[in-house]
Every structure is written in structure tokens, then in C-alpha cells.
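Remember, it's 1-based here, ligands and their atoms both numbered in the order they're listed.
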Amino acid sequence: MNQNWHGTLIRHMLLLVTGCLLVGLISGYYGWSLAIGLGLYLGWTLKQLLRLHEWLRQHKPDEAPPDGYGLWGEVFDSIYHLQRRDQRVRGRLQAVIDRVQESTAALKDAVIMLDSDGNLEWWNRAAETLLGLKTPQDSGQPVTNLVRHPRFKEYFEQDNYEEALEIPSPTNDRVRIQLYLTRYGNNEHLMLVRDVTRIHQLEQMRKDFVANVSHELRTPLTVICGYLETLLDNVEEVNPRWSRALQQMQQQGSRMQTLLNDLLLLAKLEATDYPSDNHPVAVQSLLQTIKNDAQALSGERGQYITLEADPSVLLKGSEGELRSAFSNLVFNAVKYTQDTGTIRIRWWADQHGAHLSVQDSGIGIDSKHLPRLTERFYRVDSSRNSNTGGTGLGLAIVKHVLLRHRARLEISSVLGHGSTFTCHFAPAQVSRSPAIAAKD
Ligand code: ADP
């Protein structure tokens, strides 16, 4: 096609020049006739160019191009076809976008697109009901201004969105929503929000049931254990055949009491998101008492327990809850370490926050159990567990306490070679004691 037009153009030019030369031959003015001929051709070309420019500037969609002669006609038609093709492609793309928007608008879950600074770019209709976003006023607003729950701000600012966040809906306290964030493209965020009120209610019923049963069982059990203790105090008056049975009954009774206490503690921890206390806790002295208790628990087993703690590092939170969590870790180390084994407790702070590690040279845990270890009643070996008197709730309590103190638990262990449980606390939870730091 190009080649054709090449030839045609050359032919036209040759024809023009020949015509001009002929006129020149007749008139005797070669130069003038050639100049006038080429001038006329240039004028005609400029006129076509102006027509094209005018058409491109003013034409309405689907308006046919002006008629053109020769190559100019071809240029007009090609531009017109290109425009038509472009319109068709745009139409098809618009149809796809409309369909995607219609289907996301029909979703019950909210879909929100945020730019790299966390400002709202686009959202579907469900986002208006679940998060109370207003179209179009909220467009371009930072999402943290519209979802003001403190946990959301923390969740949004962190790097790791592996787990979803559950909070009450900003529009209605009784509606629970679950948020998932994903990064895509150029650090933009996609946020999915689900209404999980029903699942939350069922979960709440389960928690209430466990808490109520534990509470109701506590009083009768206290009475039974009290009588058993009285009977055992006066064991000489009891028929000797019953003495062993009474001892076993008391042992199991106190196990049940520990279990109920742990269940009630878990229920209390689950009831709120944060501890009511947020005072700086002197972790070093707390660990010192836990170490003494661990030494007493270890008794004659000859275990070597060491504590290295930085006294200037304090931790904001509830002393009672932290005591439960830390003592669970240390007592586990005592329980699951053979006689004459070593247990090392360390407490220190660095730029990533504060850390507590409890390292033992005990029996260790197979790596397949590690992901499930903090589940309630999860036991690596149930037969072994009944010997140690554990409830299977210790690590679940640790996990909950840490969650409430913006911390996470890291477990590393090699079967037969010991385990290390490390709690990592966020820098916001750490406070330094100026008096002790100055002394150092
Ligand atoms: P329990 O009350 O049974 O100790 P936990 O929740 O505290 O329950 O621990 C769950 C399980 O994790 C335990 O049954 C035990 O098998 C394992 N475990 C916990 N700590 C250690 C440890 N330091 N060394 C080896 N195994 C451990």
C-alpha cells in the first residue's frame, strides 16, 4: 500500500513537472511555468492540510472525514478508521469496567481502594453501610480519619497484614467487622471488609458459656476441696482404707480448681482488647520473684536457673497479667526440662522494643506441633501432660496476654535439645526508668 502511494506520488510529480515544462516550451518561460506549477501544488497541499486540521479540531463523534483527493483522501480515511477502532476498544473497556463496578456494587462485602498514602480512591456501596463512607465527599480523605478505632491505626501502619483485624463498625457499635488489607501495584492498598456480627455473637456465646460454667463450678468445688482438706487434716480418724482415695480426690480437686482458674482468667482476658492498667511494671523484680518460685517448683531436681535482666527497662501494662504469662513460660521450662538441666531467663531492650526469652535445655518440641502450641488444650503428648499437672491452657493465656500488650510470641525448639520462648514487645510499650538508667 505504501509502496503504491510512493509510485503514484512520483508519477504525479513527474506529470506536473512535464506539464510545466510543456507550458514552458510553448510560452518560452521554463522557470516561471515550473515555479507557478510547483506553487499551485504547494498551495493545494496546504489547503488539504488545513482541511484536515479543521476536521480534527471540530469534528463530532462518527462524523465522516471530508472528501480528499489522492494521498490526502487516504490520510483522511486512515485517521477516521483509527478513531473508529479506538472508540470501539474504549467502548469495550468501559463495558468491562461497568460490569466490574456493577458486580462489586452488588457484593455484600465492602471493597475499598486506597492510594499509596492511604487516601480513599474508590469504594463500593457496601463500604457506605459498613464503614459509613460518603460518596463523593470522602474521596481523597485518609482512611485513618474515617475509621478511627485505635487498633485500626496500628494495623494500617504495620507492614504485615497476614491476619485480619476485627473491630466494631464505625457506624454501629453492635455490628462487628473484619478487615483484610492487601498491598498491590505501587504500594497502593486494597481493603476488604466483612460483616462478621453473627460469627462474633456465636463466639461470644461460647465464651460466655465457658465463663459461666467455670464460675458456677467454682463454688461447689471449693466446698468439696475444703471438706477433703478437713478430712485429710484428721486422717487418723478416718478409716485407713480411705486415706489414699482421699489424697487422690484432693489432688484431682486442686487440678480442677487450677483448670477453672485458668478458664476464668482466659475469659477475663478475652472480654476486653486492652488491660485496664497501663503503668510501667518493673519487669526485673517481677522476674526475680518468678525465678524464686521456679526454684521452689524445681525443688530437689538440681536444675540450674539463671536470670539476666536489665532493671532500667520497664513495661507498660498490667502487672498481674504479665506475671501470669511470664510464670507460665518459666514454669513450663521447669516442667519440661529433665533434672540437672539449665533454664536461662533474659530480659533486654533494643531498637525493636523489649524482649523476654526463656530458654531451656529440656525435651524440646517437634516442629510440627509449633504452629498449634498456643491453642487451648493442645498437648504435644497428652499422657506426659497429666504427669506434669498442666491444664493445657498456659500458652493460650500467654498468647492472649501478649496480644493485649502489643507483643508476639516466638517459639523455636529442637526435639531433644530444648526450647526457647521469646516475647517481643513493641517499642511503644517500653518505658525506661531514668533513675536506674542514670545509675548504670
Ligand atoms: P500445659 O499446661 O500442658 O503445660 P501449655 O499451654 O503451657 O499447657 O503448653 C502446651 C504444650 O506445649 C505442653 O503440653 C507441652 O507439651 C508443650 N510445652 C510448653 N512449654 C514447653 C517447653 N518449655 N518444653 C517442651 N514442651 C513445652
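- The shortest separation from a heavy atom of Leu373 to ligand 1 is under 4.0 Å, placing the residue in contact.
- Under 4.0 angstrom from ligand 1, the non-hydrogen atoms of Ile365 all belong to its side chain.
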With side chain to side chain contact (heavy atoms under 4.5 Å, CB included) as the test, would you mind laying out the steps for Leu192 and Asp109 before giving the verdict? CA-CA 7 Å; Leu192 299 177; Asp109 297 347; 5.9 Å; no
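- Taking only non-hydrogen atoms, the option from Gly364, Gly392, Ser413 nearest to atom 8 (O) of ligand 1 is Gly392.
- A salt bridge between Arg432 and Asp310 is present, with a side-chain N of the basic residue lying under 4.0 Å from a carboxylate O of the acidic one.
- Each of the atoms 10 (C), 11 (C) of ligand 1 lies under 4.0 Å from some heavy atom of Tyr378.
- Polar contact with ligand 1: absent for Ala396 (N/O pair, distance under 3.5 Å).
- Between Arg51 and Glu54, none of the side-chain N atoms (NZ, or NE/NH1/NH2) sits under 4.0 Å from a carboxylate O, so this pair counts as no salt bridge.
- Among Leu131, Leu181, Val143, the one residue that satisfies the side-chain contact (heavy atoms from CB on, under 4.5 Å) test with Ile112 is Leu131.
- Residue Lys335 approaches ligand 1 through these ligand atoms, each under 4.0 Å from one of its heavy atoms: 2 (O), 4 (O).
- Within the cation-pi definition used here (under 6.0 Å to the ring centroid, within 45° of the axis), Arg151 qualifies as a partner of Tyr274.
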Stepwise, does the side-chain hydrogen bond (donor to acceptor under 3.5 Å, both in side chains) test hold for Ser419 with Ser413? CA-CA 4 Å; Ser419 321; Ser413 184; 3.0 Å; yes
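- Only the side chain of Phe421 comes within 4.0 Å of ligand 1, counting heavy atoms alone; its backbone N, CA, C and O stay farther away.
- Of all the heavy atoms of Thr337, none lies under 4.0 Å from any atom of ligand 1, so neither backbone nor side chain is involved.
- Nearest approach of Gln303 to Gln295, heavy atoms of both residues: O-NE2, 3.7 Å.
- The closest approach between a heavy atom of Ser419 and any atom of ligand 1 is below 4.0 Å.
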